[in-house]
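Below: one structure, written as structure tokens.
Nothing here was measured: the structure is a model prediction, and the numbers come from that model.
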Amino acid sequence: MSVYPIIMTQSQFTHRDNLHYPFEERGLQFGDGIYEVIRIYNGTYYLLEEHVDRLIRSAEAIKIKLPYDKDEITHLLLELLERNKMTTDGKVYLQVTRGSAPRDHIFPADVLPNIYAYVGDLPRNAEIFKNGVHTITQRDIRWEYCYIKSLNLLPNVLAKQTAKENNCYEAILHKDGLVTECSSSNVYLVKDGKIYTHPATKQILHGCVRMAVERFADELNIPFIEESFEVEEIRLADELFLSSSTSEITPIVKVDNQQIADGKPGKITRQLQEAYVSDANIQENNLKHTV
């Protein structure tokens with residue numbers, strides 16, 4: 001991903017080469033922070049309000065007092081696109097940490113959080129949307145507060161790397177035999193015309209695209225059931241798909257080298273993809289034709 005030159009830092013803007021933080025920075029030393037990745041289509045944010053709301057919820061959950069309110073954060077993110085003259089498909093990475101202070105597990109007093117954001121191009125991937133992806137299953141070894149979009153992603157990174165080493169796109173995580181989500185996306189099983197996915201508890205990240213999928217399903221009169229399904233049920237699924245800001249709605253056609261149904265993206269997944277494209281006002285010619 002090519003990063004644009006102007007970076008937002010606190011409420012200011014600077015060239016990316018000028019952005020530096022002290023070595024005693026709590027995000028670097030403790031993973032003491034939160035983040036968001038926001039999709040951009042044709043220079044316009046998609047689900048911006050949902051992402052900013054989740055950032056605020058995550059900050060409250062780990063007791064970071066944000067220096068800006070919702071409207072101010074939104075304005076800064078919009079200005080970031082304007083200053084970079086962003087007009088293509090891409091994404092913004094936004095991060096907040098507890099700040100810079102001498103290393104101590106206890107929260108530092110009177111220290112402002114560090115906040116920064118940058119933008120980069122990210123073309124849509126035609127191949128995965130059209131043909132689907134392969135995944136593997138792995139045990140979910142993450143902590144109990146996965147609803148917080150924190151910087152503590154080592155288990156996710158290890159799961160994603162294992163998936164890559166097995167020539168797979170994602171890792172489907174499970175705990176005590178029940179599927180939770182993927183390493184960086186939510187996952188759904190379709191059976192008998194109904195969509196099943198893990199309830200929005202503290203065990204999963206409440207994805208912004210997940211919320212959109214639920215909305216699309218309601219509009220299409222497709223039952224959306226927040227109910228955990230077992231790993232063993234995957235092989236009996238009519239369809240399987242995942243969702244995230246960068247993966248949109250992606251069909252899963254094989255899990256652990258086992259084909260799902262006929263090995264092709266299913267009807268309901270296709271309907272949801274069409275709803276996503278319409279909702280995000282996507283120009284279909286903005287596609288990357290490689291996996």
Taking I136 as the starting point, is it possible to reach L240 by hopping between hydrophobic residues whose side chains are less than 4.5 Å apart? no

I'd like to know whether K70 forms a side chain to side chain contact (heavy atoms under 4.5 Å, CB included) with I56, so could you lay out the CA-CA distance, the side-chain angles of the two residues, the decisive distance to 0.1 Å, and finally the verdict. CA-CA 8 Å; K70 178 178 177 178; I56 292 170; 3.7 Å; yes

Roughly how far, to the nearest 0.5 Å, is the CD atom of E227 from the CG atom of L189? 10.5 Å

Check the pair I34, K149 against side chain to side chain contact (heavy atoms under 4.5 Å, CB included), reporting the backbone distance first and the verdict last. CA-CA 6 Å; I34 55 175; K149 200 166 178 66; 5.6 Å; no

For S11 and Y68, the nearest pair of non-hydrogen atoms, with its separation, is N-OH, 3.0 Å

The test is side chain to side chain contact (heavy atoms under 4.5 Å, CB included); show your working for K194 and I222 and say whether it passes. CA-CA 6 Å; K194 301 174 183 178; I222 301 169; over 6 Å; no

Rounded to the nearest 0.5 Å, what's the gap from CG on L272 to CD on E239? Could you check? 8.5 Å

Between S278 and E274 (side chain of the first, backbone of the second, donor and acceptor by atom type, cut-off under 3.5 Å), is there such a pair? no

Looking at E72 and D69, would you say the former's side chain and the latter's main chain have a donor-acceptor pair under 3.5 Å? yes

Is the closest side-chain heavy-atom distance between T250 and E170 below 4.5 Å? no

Within a strict 4.5 Å, meaning less than it, do heavy atoms of the L78 and Y45 side chains meet? yes

Residue pair Q203 / E181: nearest heavy atoms and the distance that separates them: O-OE2, 3.8 Å

Quick one: are D238 and K267 in side-chain contact, heavy atoms under 4.5 Å? no

Please examine the side chains of S183 and Q161, heavy atoms only from C-beta on, and report whether any two atoms are closer than 4.5 Å. no

Quick check: do D140 and H174 have side-chain heavy atoms less than 4.5 Å from each other? no

Got Q271 and F216 here, is their nearest side-chain heavy-atom distance under 4.5 Å? no

Side-chain atoms of residues 228-236: list all donor-acceptor pairs with protein atoms under 3.5 Å, sequence neighbours left out, distances to 0.1 Å.
residue : atom : partner : partner atom : Å
E233    : OE2  : E230    : N            : 2.7

Short side-chain to backbone donor-acceptor contact, R98 and F107, under 3.5 Å: no

Backbone N/O of I106 and side chain of D104: donor-acceptor pair under 3.5 Å: yes

Within a radius of less than 6.0 Å around CG of N18, do more than 12 heavy atoms belonging to other residues, nucleotides or ligands occur? yes

How many angstroms lie between atom CG of N281 and atom OH of Y41, to the nearest 0.5 angstrom? 11.5 Å

Minimal heavy-atom distance between D32 and I64, with the atoms involved, is O-CD1, 4.3 Å

Only residue of H51, E50, K91, E36 satisfying side chain to side chain donor-acceptor pair (under 3.5 Å) with S245 is H51

Can you tell me how the ring of Y93 sits relative to the ring of Y116, calling it parallel under 30°, perpendicular over 60° and tilted otherwise? tilted

Looking only at heavy atoms, what is the nearest atom pair of K130 and P265, with distance? O-CG, 3.4 Å

Count I, L, V, M, F, W, Y as connected when their side-chain heavy atoms are under 4.5 Å apart, and connections chain through other members. Are L205 and I148 then in the same cluster? no

Looking only at side chains, do K160 and S184 share a donor and an acceptor under 3.5 Å apart? yes

Could you walk me through whether R39 and E248 pass side chain to side chain contact (heavy atoms under 4.5 Å, CB included), step by step? CA-CA 9 Å; R39 198 57 159 108; E248 298 183 12; 4.2 Å; yes

Taking atom CG as the centre, does D262 end up with more than 12 heavy-atom neighbours from other residues, nucleotides or ligands that are less than 6.0 angstrom away? yes

All heavy atoms of N166 vs all of T162, minimum pair found to be ND2-O, 2.8 Å

Is there a side-chain contact between F13 and L80 in this structure, where contact means two heavy atoms from C-beta onward sitting under 4.5 Å apart? yes

Quick check for you: to the nearest 0.5 Å, what is the distance between E214 atom CD and Y188 atom OH? 9.0 Å

Interatomic distance, CG@D121 vs CE@M86, rounded to 0.5 Å, equals 5.0 Å

Side chain to side chain contact (heavy atoms under 4.5 Å, CB included) filter on E25, not counting sequence neighbours, yields Y21, L28, T97, S100, N114

Are any non-hydrogen side-chain atoms of L242 and Y169 less than 4.5 angstrom apart? yes

Using a 3.5 Å distance criterion without hydrogens, assess whether the side chain of T180 forms a donor-acceptor pair with backbone atoms of L173. yes

Whether the side chain of Q138 engages the backbone of A171 through a donor-acceptor N/O pair (distance < 3.5 Å, no angle test) should be reported. no

Starting from V253, can I reach F129 by hopping between I/L/V/M/F/W/Y residues whose side chains sit under 4.5 Å apart? no

Hphob cluster co-occupancy, V3 + L19, side-chain heavy atoms under 4.5 angstrom: yes

Okay, side chain of N42, backbone of T88: is any donor-acceptor separation there less than 3.5 Å? no

Should L76 and L112 be regarded as members of a common hydrophobic cluster, given that ILVMFWY residues are connected when their side-chain heavy atoms come within less than 4.5 Å of each other, either directly or indirectly? no

Where do K175 and E144 land on the salt bridge (Lys or Arg N to Asp or Glu O under 4.0 Å) test, with the steps shown first? CA-CA 11 Å; K175 187 172 294 185; E144 295 182 359; over 6 Å; no

Smallest heavy-atom separation, I204 atom then P199 atom, equals CD1-O, 3.5 Å

Do Q273 side-chain atoms and I268 backbone N/O form a donor-acceptor pair below 3.5 Å? no

Got a sec: does the CZ of R16 have more than 12 other heavy atoms crowding it under 6.0 Å? yes

Once ring-ring contact (aromatic ring centres under 6.0 Å, His included) is applied, do any residues pair with Y276, and if so which ones, sequence neighbours excluded? Y46

In Å, rounded to the nearest 0.5 Å, how long is the span from CD of E60 to CG of L55? 10.0 Å

Q12 atom CD, neighbour heavy-atom count above 12 within 6.0 Å: no

